[in-house]
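Notes for the one structure printed next.
First listed ligand is number 1; within each ligand, the first listed atom is number 1.
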Amino acid sequence: MTSPSAPPADPTAAIDRALAELREAFLPRFRAATTEQALRDENAKILGKKGELTAILKLLGQAPPAGRKAIGEKVNALKQEVESGFEGCLRDLRGKEREAELSAPPFDLTLPGRVPSGVGHKHPISIVREEVVAVFRQLGFAVHDGPDVEHEANNFTLLGFPPDHPATDMQDSFWTESGHILRTHTSNIQIRAMKGQKPPMAFIAPGTVYRRDDDATHSPMFHQIEAFLVDRRVTLAHLKGVLAEFAERLYGPGTPVRLRPSYFPFVEPGAEVDIGCVFCRQSDGTRAGCNLCKHTGFIEILGCGMIHPVVLENCGIDPEEWSGFALGMGLERIAMLRYGIPNIRLMFDNDPRFLSQF
Ligand SMILES: [Zn+2]
């Protein structure tokens with residue numbers, strides 16, 4: 001009597017078939033891979049933990065025990081074939097890559113390098129500071145430096161500020177707990193230079209200064225640059241000559257300069273300096289000017305004057321023998337005029353979209 005059910009599939013034959021199919025297929029699959037990664041992926045699909053050969057090996061349990069050893073040997077044999085096929089294809093692939101490298105046009109070592117895009121660059125304040133320093137260096141001024149944290153005397157008293165001057169007020173300046181001041185101007189460098197060495201001298205002194213101002217047009221930290229010169233028989237004419245030269249070199253030939261009398265404690269006489277408006281160039285008075293120069297045709301750029309005899313005396317310099325001039329400017333203002341920047345805040349926001357324009 002025969003069993004009514006279908007004869008059980010022959011597991012051994014099924015395994016043999018699967019092994020034969022894989023043997024046919026693996027090499028063409030390897031050869032189709034064009035990159036090392038693709039080849040390794042293909043290899044993993046066959047030999048990996050969840051690979052096709054591993055799946056075949058799992059069928060082993062269904063085969064009759066007597067035949068298992070023979071099947072195991074067949075699987076191992078195929079595994080070795082696949083491994084050596086993979087190695088061979090890997091070698092071929094690497095050889096082709098090397099070949100392509102060698103037969104490609106030679107790399108030109110003399111080509112200039114590519115400049116990476118998006119690198120930072122100089123801030124407009126730094127650019128203008130370097131320009132101003134360069135102008136004064138060409139005129140024979142040396143660069144002098146001084147500390148940001150200063151003795152009150154070097155910042156105020158020796159410069160002739162009376163003790164009740166509003167600038168010395170606690171409300172207007174930053175003081176340290178030890179009673180020192182964050183310098184409110186770069187004029188402290190003038191004092192240090194004159195106390196420290198004998199005239200003649202000519203210095204340009206850039207630096208950061210600090211005041212308790214923080215609104216749309218002021219920042220608590222800003223940049224000044226100060227130039228001063230002490231020699232025998234220095235007059236206002238020398239100062240005017242330097243100013244004219246400075247305006248020409250920074251703002252172009254023929255830039256008009258005018259002085260208006262003004263008061264600063266450390267100079268006598270003192271003046272504010274205007275240049276012809278760089279926006280409308282209408283300083284001849286025949287036309288109406290623009291909003292930025294308030295329709296005057298002129299824009300203020302700095303303060304200056306002849307160094308006060310008392311200041312020279314305070315620093316041990318005989319005002320009967322020596323005289324000098326000093327001038328100071330805010331670099332933010334110079335940069336705004338140089339580049340037509342309407343708002344001082346843009347200088348400190350450090351927005352790359354703004355900074356990349358210079
Ligand atoms: Zn104007």
Where at least one partner belongs to residues 253-262, residue pairs that pass salt bridge (charged side-chain N to carboxylate O under 4.0 Å, His left out), sequence neighbours excluded: Arg258-Asp274, Arg260-Glu272, Arg260-Asp274, Arg260-Glu300

Whether His151 side chain and Ala153 backbone form a donor-acceptor pair below 3.5 Å: no

Donor + acceptor pair across side chains of Lys195, Asn154 (<3.5 Å): yes

Worked verdict on His308 versus Leu159 for side chain to side chain contact (heavy atoms under 4.5 Å, CB included): CA-CA 8 Å; His308 201 294; Leu159 281 161; over 6 Å; no

For Val209, the rest of its hydrophobic cluster, which grows through side-chain links under 4.5 angstrom: Phe222

Metal environment of the Zn ion (ligand 1), protein N/O/S under 2.8 Å: Cys277 SG, Cys280 SG, Cys290 SG, Cys293 SG

Members besides Leu78 in its Ile/Leu/Val/Met/Phe/Trp/Tyr cluster (side-chain heavy atoms under 4.5 Å): Ile15, Leu19, Leu22, Phe26, Leu27, Phe30, Leu39, Ile46, Leu47, Leu53, Ile56, Leu57, Leu59, Leu60, Ile71, Val75, Val82, Phe86, Leu90, Leu93

